[in-house]
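Report on the following structure.
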There are 2 protein chains.
Amino acid sequence: MTVEVGLRERKKAATRAALAAAANRLAVELGVEHVTVEAIAAAADVSPRTFHNYFSSREEAIVASIIDWAERLTDELEKRPADEPMWDSLQHVFLDSVDESADGHARLIRQLEMIKANPAVIASQLSALDTMRRRFAETIAARTGTDASRDLYPHLIAGAAGHAVKTAMDLWALGQHDRLLRDLVAEAFALVRAGLPEPGRS
Amino acid sequence: MTVEVGLRERKKAATRAALAAAANRLAVELGVEHVTVEAIAAAADVSPRTFHNYFSSREEAIVASIIDWAERLTDELEKRPADEPMWDSLQHVFLDSVDESADGHARLIRQLEMIKANPAVIASQLSALDTMRRRFAETIAARTGTDASRDLYPHLIAGAAGHAVKTAMDLWALGQHDRLLRDLVAEAFALVRAGLPEPGRS
DNA sequence: CGAAAATTTGCAGAGTCAGCAAAACTGCCG
DNA sequence: CGGCAGTTTTGCTGACTCTGCAAATTTTCG
């Protein structure tokens with residue numbers, strides 16, 4: 001994949017990363033509504049017009065890190081042993097991606113709070129997660145011999161896994177700091193793998 | 001809930017409905033990018049400024065029918081017998097909402113195609129579906145004695161059910177016209193309820 | 001009817017975003 | 001090197017979105 005290593009490609013990647021980082025940082029620091037494209041561009045040392053060559057909206061830049069995360073996770077998923085049960089692979093990949101340091105937790109909470117505060121950013125986040133889900137479905141289809149354009153399975157399991165992680169994070173950020181995020185994610189996976197049986201029924 | 005039946009309330013609801021209908025119709029007919037707020041407002045016989053009193057973005061108006069759908073479904077869900085297994089209630093409510101007429105199918109396909117064609121509308125759709133998911137989670141929590149602000153269960157099952165329906169629809173619209181949409185939805189539910197076992201494994 | 005409350009509207013202003021063409025830059029071959 | 005070809009950056013412009021504010025209009029209710 002990443003075979004193009006010319007100066008040109010590296011510069012493009014760097015510009016994109018700088019814009020995404022600036023957008024995210026400013027959104028967290030100042031609040032989304034106080035961040036303009038002009039300010040993001042200035043922070044990344046490019047013209048406002050260039051910003052729009054990389055991102056089609058301010059919100060897209062703010063949540064660009066989700067796409068990067070998704071790319072890393074897809075790579076990880078592809079590296080899992082081919083004979084490992086699909087659910088185990090997914091759980092492994094997602095659990096490994098959770099930063100358990102105190103600093104990581106603090107950052108994550110700030111992220112989620114910033115996103116939650118603005119409907120347009122929420123929509124962009126969901127969009128990014130949906131893109132991630134589609135990538136996952138492709139990878140899963142390839143590994144399980146299913147067809148992402150015809151079979152429900154790869155989409156359903158990718159969606160279920162992604163949603164389990166999102167739900168665990170959202171609930172955790174909402175006040176379950178007494179529990180480890182890791183454990184909450186694991187519990188969500190367990191529930192979904194069990195077919196979500198109704199609690200308190202035989 | 002809907003106890004306010006004064007002229008004022010009825011007019012507001014009518015204006016909102018007219019704007020949503022106009023926005024959706026124009027988006028399907030002309031394509032999303034060729035629809036301006038001005039045109040929507042004109043079609044609903046109000047000023048452009050009034051449009052923004054009802055919807056905070058063009059896309060929100062275009063997908064407003066999803067919110068209406070969600071409201072109807074939540075009502076249906078609340079009406080299900082309290083002792084019915086949760087999964088059965090959900091499956092029932094969603095399956096009943098599928099319009100199986102040829103005309104309904106054609107409309108649904110045009111809808112999905114219109115949405116798919118524009119990233120901003122996709123994001124708004126996901127946002128609306130997320131709102132629906134949250135409503136469902138509240139209702140489910142109330143019925144299963146769980147707490148939507150602490151427990152994973154209501155969110156996970158609401159998300160799984162909603163995503164099952166969305167996946168079935170998307171795949172169906174993509175070319176599975178040989179199969180009944182109803183059957184695809186039922187199959188998706190069955191897979192999720194079974195915990196998404198890997199196909200072709202013992 | 002007439003006052004109080006809510007809704008609609010016009011206007012102004014800040015901001016987003018895309019198309020276009022010129023300027024600046026990078027890669028590469030002679 | 002030098003310079004051409006292909007890419008990226010940039011400024012400019014125009015259409016459009018969206019919000020705040022205050023005036024005008026409409027509805028409600030005593």
Side-chain angles (χ1 to χ4, degrees), chain A residues 2-24 26-27 30-64 117-125 127, chain B residues 2-24 26-27 30-64 117-125 127:
Chain A
T2 321
V3 281
E4 318 272 354
V5 284
L7 174 56
R8 192 167 264 166
E9 321 294 329
R10 267 180 294 137
K11 269 189 114 171
K12 269 193 84 164
T15 302
R16 194 194 146 84
L19 283 169
N24 195 278
L26 290 172
L30 309 177
V32 178
E33 27 269 344
H34 298 121
V35 181
T36 61
V37 168
E38 195 179 338
I40 298 169
D45 253 306
V46 294
S47 73
R49 185 62 186 81
T50 296
F51 174 88
H52 287 292
N53 289 340
Y54 285 88
F55 298 102
S56 68
S57 76
R58 193 173 46 117
E59 288 75 26
E60 192 181 315
I62 292 175
V63 301
N118 187 292
V121 179
I122 295 178
S124 278
Q125 180 206 26
S127 232
Chain B
T2 322
V3 282
E4 319 272 356
V5 285
L7 174 57
R8 190 167 265 165
E9 321 297 327
R10 267 180 292 135
K11 269 190 115 171
K12 270 192 82 164
T15 302
R16 194 195 145 84
L19 283 168
N24 195 279
L26 290 173
L30 309 176
V32 178
E33 28 269 343
H34 298 121
V35 180
T36 61
V37 167
E38 195 179 340
I40 298 170
D45 253 308
V46 294
S47 73
R49 184 61 185 81
T50 296
F51 174 89
H52 286 292
N53 287 341
Y54 284 89
F55 299 102
S56 68
S57 77
R58 193 172 46 117
E59 288 74 27
E60 193 181 314
I62 292 174
V63 301
N118 187 293
V121 179
I122 294 178
S124 279
Q125 180 206 25
S127 233

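Note on naming: letters A, B, ... go to the chains in the order of the sequence lines (proteins, then strands), and numbering restarts at 1 for each one.
In this structure, A:Lys11 does not reach the D:dT8 phosphate: none of its side-chain N or O atoms is under 4.0 Å from OP1 or OP2. Residue A:Lys12 places no side-chain N or O under 4.0 Å from the OP1 or OP2 atom of D:dT7.
In this structure, CG of B:Asn118 is placed 14 Å from C1' of C:dA18, rounded to the nearest angstrom. Distance CD1 (A:Ile40) to C1' (C:dC17): 13 Å, rounded to an integer number of Å. In this entry the distance linking CZ of B:Arg58 with P of D:dC16 reads 10 Å, nearest Å. Rounded to a whole Å, the CZ atom of B:Arg10 is 17 Å from the P atom of D:dT26. Counting to the nearest Å, the P atom of C:dT16 and the CG atom of A:Leu19 are 14 Å from each other. Atom pair A:Arg16:CZ and D:dT9:P shows a separation of 13 Å (rounding to whole Å applied). In this structure, the CD1 atom of A:Ile62 is 10 Å from the P atom of C:dT16, given to the nearest Å. Summarising the geometry, the separation between NE2 on A:His34 and P on C:dG15 is reported as 11 Å, rounded to the nearest angstrom.
Shortest non-hydrogen contact noted between B:Ile40 and B:Leu19 is CG2-O, 3.7 Å. Across all non-hydrogen atoms, the minimal contact from A:His52 to A:Val37 is NE2-CG1, 3.9 Å. Taking each heavy atom of A:Ser127 and B:Pro119 in turn, the nearest pair found is OG-O, 4.4 Å. The shortest heavy-atom contact between A:Arg49 and A:Asn53 is NH1-OD1, 3.0 Å. For the residue pair B:Phe55 and B:Ala64, the shortest heavy atom distance occurs at CE2-CB, 3.9 Å.
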Wobble G-U and Watson-Crick pairs count when both distances are under 3.5 Å; given that, what is the 5' to 3' dot-bracket string of DNA chain C, with | for pairing to other strands?
||||||||||||||||||||||||||||||

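Considering only residues two or more places apart in sequence or on other chains, A:Tyr54 meets the ring-ring contact (aromatic ring centres under 6.0 Å, His included) condition with none of them. Looking at residues two or more places apart in sequence or on another chain, you find no side-chain contact (heavy atoms from CB on, under 4.5 Å) involving A:Ala117. Take B:Ser56 and apply the side-chain contact (heavy atoms from CB on, under 4.5 Å) test, not counting sequence neighbours, and it matches B:Glu60. Remark: B:Glu33 pairs with B:Asn118 by the side-chain contact (heavy atoms from CB on, under 4.5 Å) rule, at least two apart or across chains.
Contacts of residues 48-56 of chain A with DNA chain C (heavy atom under 4.0 Å): A:Arg49, A:His52, A:Ser56.
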